[in-house]
Participant: 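Before anything else, here's the structure in question.
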Amino acid sequence: MTRKYQNRNDSPAPRKKGRGKAMWCSNQRGREHQPTIVDNGTCTPAYTYTAQGKVESWICRHIRICRVCGRTLTENLNPALCPDRATIEE
């Protein structure tokens, strides 16, 4: 990405303030999201068959949302963090 210059020999134009508001809860600067994990369907094991044999993976349907503003922070949760997978393996 090229930055816009005021003149050819000038330094780059100053950036606009107010960037990065999307990372704050309710768009209030300095207020961080309070994430919680919510079930959005049924998490299941998935199997892929390759030439080497059967490979097991996990499909997680949980989402991470902010409990204050309700914004979706993560749509596809990492299978290692899935709460259902921990209860099935125990």
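Worth saying up front: this structure is predicted, and the values here are computed from it rather than measured.
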Participant: Should side-chain heavy atoms under 4.5 Å link Ile, Leu, Val, Met, Phe, Trp and Tyr, which residues sit in the same cluster as V68?
Facilitator: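 Answer for V68: none, a lone residue.
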
Participant: Partners of T50 by side-chain hydrogen bond (donor to acceptor under 3.5 Å, both in side chains), sequence neighbours excluded?
Facilitator: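 Q52.
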
Participant: Using 0.5 Å steps for rounding, measure from the OG1 atom of T42 to the CD1 atom of I59.
Facilitator: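 The OG1 atom of T42 sits 11.5 Å away from the CD1 atom of I59.
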
Participant: Restricting to side chain to side chain contact (heavy atoms under 4.5 Å, CB included), what partner residues turn up for D39, sequence neighbours left out?
Facilitator: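 Side chain to side chain contact (heavy atoms under 4.5 Å, CB included) check on D39 returns H62.
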
Participant: Check C43 against R61 and note the closest heavy-atom contact, atom names and distance.
Facilitator: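 Minimum heavy-atom separation between C43 and R61: SG-N, 3.2 Å.
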
Participant: For E75, enumerate each residue passing the side chain to side chain contact (heavy atoms under 4.5 Å, CB included) test, keeping only those at least two apart in sequence or located in another chain.
Facilitator: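 Applying side chain to side chain contact (heavy atoms under 4.5 Å, CB included) to E75 gives T72.
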
Participant: Could you list who else is in V38's hydrophobic cluster, with ILVMFWY side chains joined at under 4.5 Å, directly or through other members?
Facilitator: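 Members other than V38 - counting any ILVMFWY side chain reachable under 4.5 Å - are I63, I65.
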
Participant: Any side-chain heavy-atom pair from R64 and L77 closer than 4.5 angstrom?
Facilitator: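 Result yes, sub-4.5 Å side-chain heavy-atom pair found.
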
Participant: Can you name the closest pair of heavy atoms from C82 and W58 and give their distance?
Facilitator: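 Closest pair (atom of C82, atom of W58, distance): SG-NE1, 3.4 Å.
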
Participant: With R31, which residues qualify under side-chain hydrogen bond (donor to acceptor under 3.5 Å, both in side chains), at least two apart?
Facilitator: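 R31 satisfies side-chain hydrogen bond (donor to acceptor under 3.5 Å, both in side chains) with Q28 only.
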
Participant: First locate atom CG of L73, then atom SG of C66, and finally report the distance between them rounded to the nearest 0.5 Å.
Facilitator: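 Taking CG in L73 and SG in C66, the distance rounds to 6.0 Å.
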
Participant: With a cut-off of under 6.0 Å to the ring centre and 45° to the axis, is K54 in cation-pi contact with Y49?
Facilitator: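 So K54 doesn't make the cation-pi contact.
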
Participant: Starting at SG of C60, measure out to CG of L81 and round the result to the nearest 0.5 Å.
Facilitator: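 One gets 8.5 Å once the value is rounded to the nearest 0.5 Å.
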
